[in-house]
Asker: 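Below: one structure in structure tokens.
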Amino acid sequence: MRSRPRRSLRAISRRRTSALLAVFALTGGLLLTAPEPASAANLITNPGFETAGTGDMPYCWEKSGWGDNDFTFETVADAHSGDRAMKVELTRRVDGDRKALITESAECAPVVTEGKQYDLSLWYRTTTPDASLTLFRHDATAGWQYWTDLKTLDLAADWTQASVRTPEVPAGTDRISWGVSVYGTGSATTDDYTMEQVADPIPDPECTGTAEECANGRWDVLPTENPVRSMHSVVLHNGKVLLIAGSGNDPEMFEAGTFTSAVYDPQTGDYKTIPTPKDMFCAGHVQLKDGRVLVMSGNLGYPSADGTIGYQGYKDSYVFDPETETYLKTNDMNDGHWYPSATVLGNGDVISFGGLREDSTGSVTAELWSDEQQKWLPTWQVNQTWSYWGLYPSMILMQDGRLFYSGSHVFGNNIPGTGSAIYDYGANTITEVPGLQRKDERDQSMSVLLPPAQDQKVLTIGGGNIDSNPDANRLTDIIDLKQPDPTYVAGPPLPQGTVDLGNGPVPQTGDQGKMYVSAVLLPDGKVLETGGALHNRANPVFETSIFDPATETFDPVAVDPEARGYHSSAFLLPDGRVMTTGDNPGNGSWNHDVSIYTPPYLLKGERPTITSVIDTEWNYGDTQRITVDRPIAKAELIRPAAVTHSSDPNQRFVDLPLSVDGDNVDLNVTSNPNLAPPGWYMLFAVDANGVPSVAKWVHLDGPQALSTKDASAHVHSFADAPRGEVTEAGEKRASQPVSPTVSGCDRHYGSANVCVPTAFPAEVEATTADRCTWLKEHDYGRLEVNGKDDPLKLDRNRDGVACGKGDVRGKR
């Protein structure tokens, strides 16, 4: 289906205003015949609709749905077996759907057990490609709520069986309801539903490492150093890793025009240095749907020695081709964007916000890369709010095409208001989202869309503020974007580790947490968080833990022995391990050591193997078959990393419900491109003990289920009524004023890559002696004074060198 950048983006991101409507729920009453009970194996009551109810629906079945559409529900005689089947038909649709579901009642909805899986099947006939098997769950506290769409039903003129295995039942769920949903014109007729609990998993295997390793994993520092000062890490679809340095925050390399990248091969451990045309230091990047990497903006110039001019961003843009390992120039962006966002959309376009312009002011220009035209569109073709989103604002694509700004950003304070918002491109509105704790201390926090993407929950971790330079915090916040009025709620505090305050690691105390956080989605459905520092480019924190979305708890694990603060990255490799690189403290040094984390799941014995993938070219709504060498419990797609500065808003884990027949496993691909934007993905198969296979690469593209007509994907009505303040497009303006000290560094001292903090940590007294002692403990070395000003009073004897002997002897 061809994409038209503005029109299709509006269609994808059209705001959903209709609420889910469930009607005619049957809770009992006069039955025309005796109830058709659930069998010993089949947990469905009245699975073939043979028992009539009190209204026009069979016993234990109900109508539901939402949106603007014309529909009918009827019991028909054209059955797969017996005398009755259920037909749902849409004759007109603008949006929404209609569903025939098991009645959401204690009498009818099957009881389920937390952590268990269930095999579901039904027989169906369809005249529309827009029908799916959909699932709701009853939470003991929150009541009934949408869970997930499990399978898109293919067009079928004859009776066809569809089978699928549920994910593990979430904590707090005691019953489920499921059935068929029709979300395009046409009909679906269903009959003979079955539901059976999957047998218990095999016993835990024996540990293949030490007891400590099997509990907490293992870190290894590789013998070969990273040859470049890379702060950008992109996992390519051939399994290699693109590491972009540009000038590497080194003004001498910038002046010499020496810009570097490297490609790392995890299979061999080798690095290949790649010619790099521009200074891509602090650029934005994202994988395009064909597997190439779009790199946008970068460093046009370092701050001036006197601090009057800050960093500058250029307009240039490039694509990196993994096949030729070369950069190719694209057309220019409309504005400079040093530290821009980069979010891929459901139609393959890329949208970008924020960053610094060529004159060091903040860019208020939204940029849109057209996948169809393979270029940045002119400003007049892109909806503009003229809002300044800051630096590396974390913009996460929601299931209906809108963008969630999580509040994670870089350098100083957050945007005005609540610090988090939903941006609707089609309506060109920004709606504030409440609840983010201490929104101005989330500088270089990290936000991730939790596994699976279908759950639409976002976790935000840690952060600080380089302007005021307090101790970084332990805050975490979780938001459920399925709620009509989503609000952040406080999550569990980050575990504490040790912190190096200048004289070696000591235990963290009080509320000390970390900024410069890295968070990585793992194939077992959990999140590894690692690295960080307590203050602006100083005081590395050594702490690593695994977050479990099911229990919303952190489990401390083995700790990376290397400091990983500013300009560090962590990312998932196709073999299930995690790689970490970088660290660039304020003294201008660089850590070239590379660490590899082996999670506990890789120490639980033999791994499952995907022995074949029938087709590596996948379409939306497909059923794709793989073979495995032994039983698996789940499978998923994980989008490869494109991470920098605690930011990878495109990172996502997409569940693939299973249909299992021995070693043959059919995987059901979402029909919604906003859940899994087109591109290359790592496909993992995971056994009942959480042990993943090595990933296979598959390419997802082309909304097959939507190609027969102009219709949106199956999008439920979530986050449709946020009550926060709404801002519409403001008056056109050129830019946002930004202080040249936006990076938290006082440029009166040292070279441009050295960061003497404008605000020292609170425990450092505002005296020459204490400040100079802190700088010495953090290995700053000789610091020349730039110009005549000495705002921090570090050059008391005015000899042009800060913190010399004459400056600190007897000076307070």
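The first residue of the sequence shown is numbered 1, and numbering continues consecutively from there.
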Asker: Taking the basic N atoms (NZ, or NE/NH1/NH2) and the acidic carboxylate oxygens, is any pair closer than 4.0 Å for K87 and D78?
Answerer: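 Salt bridge between K87 and D78, a charged N being under 4.0 Å from a carboxylate O: no.
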
Asker: Indicate yes or no: at least one non-hydrogen side-chain atom of Y620 is less than 4.5 angstrom from one of N672.
Answerer: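 When only atoms from C-beta onward are counted, N672 and Y620 do not touch, as no gap falls below 4.5 Å.
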
Asker: Would a 4.5 Å heavy-atom cut-off, applied to side chains only, mark F684 and I638 as touching?
Answerer: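 Sidechains of I638 and F684: in contact.
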
Asker: Could you tell me whether the side chain of T611 and the main chain of D629 form a donor-acceptor pair under 3.5 Å?
Answerer: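 Checked: no pair found.
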
Asker: With side chains defined as the heavy atoms from C-beta onward, is the minimum distance between N650 and Q287 less than 4.5 Å?
Answerer: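 Heavy-atom side-chain distance check fails, nothing below 4.5 Å.
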
Asker: Please lay out, stage by stage, how L345 and L403 fare under the test side-chain contact (heavy atoms from CB on, under 4.5 Å).
Answerer: CA-CA 9 Å; L345 301 173; L403 296 175; 4.2 Å; yes

Asker: Per the ring-ring contact (aromatic ring centres under 6.0 Å, His included) rule, what does the pair list look like for residues 74-108, sequence neighbours excluded?
Answerer: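 Checked against ring-ring contact (aromatic ring centres under 6.0 Å, His included) - neighbours excluded - the pairs reaching residues 74-108 are H80-W123, H80-W159.
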
Asker: Using the rule given for side-chain contact (heavy atoms from CB on, under 4.5 Å), can you reason through V698 versus Q624, listing the C-alpha separation, both sets of side-chain angles and the distance that settles it, and then say yes or no?
Answerer: CA-CA 11 Å; V698 298; Q624 288 286 347; over 6 Å; no

Asker: Which atom pair, heavy atoms only, marks the closest approach of A162 to Y124?
Answerer: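 Closest heavy-atom pair between A162 and Y124: CB-CE2, 3.8 Å.
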
Asker: Got a donor-acceptor contact below 3.5 angstrom from the T126 side chain to the D154 backbone?
Answerer: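 Checking the backbone N and O of D154 against the side chain of T126, a donor-acceptor pair under 3.5 Å is found.
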
Asker: Could you give all pairs that pass the ring-ring contact (aromatic ring centres under 6.0 Å, His included) test and reach residues 84-116, with sequence neighbours left out?
Answerer: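 Those involving residues 84-116 do not exist here.
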
Asker: Going by ring pair (Phe, Tyr, Trp, His ring centres under 6.0 Å), H699 matches just one of W680, Y681, W618. Which one?
Answerer: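 One option only clears the test, and that one is W680.
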
Asker: Heavy-atom distance under 4.5 Å between the side chains of L481 and I396, does that happen here?
Answerer: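 With C-beta onward as the side chain, the pair stays apart.
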
Asker: May I ask you to decide if D655's main-chain N or O and Q454's side chain share a donor-acceptor pair within less than 3.5 Å?
Answerer: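 Such a contact is found between Q454 side chain and D655 backbone.
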
Asker: Do P58 and M86 touch side chain to side chain, with heavy atoms closer than 4.5 Å?
Answerer: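 Yes, at least one pair of side-chain atoms sits under 4.5 Å.
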
Asker: So do R165 and I632 actually touch side chain to side chain, heavy atoms under 4.5 Å?
Answerer: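 No, side chains not in contact.
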
Asker: Using modelled atom types only, decide if a donor and an acceptor are shared between the side chain of S177 and the backbone of I102 within a distance under 3.5 Å.
Answerer: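 Answer holds: yes.
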
Asker: Taking the basic N atoms (NZ, or NE/NH1/NH2) and the acidic carboxylate oxygens, is any pair closer than 4.0 Å for R93 and D130?
Answerer: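 Salt bridge absent between R93 and D130.
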
Asker: For the aromatic rings, using the six-membered ring if either is Trp, is the centroid distance between W61 and Y193 under 6.0 Å?
Answerer: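 When the ring centroids of W61 and Y193 are compared, they turn out to be within the sub-6.0 Å range.
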
Asker: Please, which pairs that meet salt bridge (Lys or Arg N to Asp or Glu O under 4.0 Å) have at least one residue in residues 135-152, sequence neighbours excluded?
Answerer: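 Non-adjacent pairs meeting salt bridge (Lys or Arg N to Asp or Glu O under 4.0 Å): R137-D139.
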
Asker: Between R630 and D687, is there a salt bridge with N-O shorter than 4.0 Å?
Answerer: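 Here D687 pairs with R630 in a salt bridge, since their nearest N and O are under 4.0 Å apart.
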
Asker: I would like to know whether S612 and T627 meet side-chain contact (heavy atoms from CB on, under 4.5 Å); could you show each step before the answer?
Answerer: CA-CA 5 Å; S612 71; T627 58; 2.5 Å; yes

Asker: Going by side chain to side chain donor-acceptor pair (under 3.5 Å), R92 matches just one of N69, D68, T185. Which one?
Answerer: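 Only one option passes, and that is D68.
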
Asker: In terms of the angle between their ring planes, are F718 and Y146 parallel, tilted or perpendicular, with boundaries placed at 30° and 60°?
Answerer: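 Rings of F718 and Y146: tilted, as their planes differ by 30° to 60°.
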
Asker: For K482, look at atom NZ and say whether over 12 heavy atoms of other residues, nucleotides or ligands are found less than 6.0 Å away.
Answerer: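 Atom NZ in K482 is packed in, count exceeds 12.
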
Asker: Would you check, one step at a time, whether the test side-chain contact (heavy atoms from CB on, under 4.5 Å) holds for L658 with L667?
Answerer: CA-CA 5 Å; L658 312 176; L667 307 176; 3.3 Å; yes

Asker: With the threshold set at 4.0 Å, does a side-chain nitrogen-carboxylate oxygen contact exist between D290 and R292?
Answerer: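 Yes, D290 and R292 are salt-bridged.
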
Asker: If you define the side chain from C-beta out and look only at heavy atoms, does anything of W178 sit under 4.5 Å from L133?
Answerer: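 Yes, at least one pair of side-chain atoms sits under 4.5 Å.
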
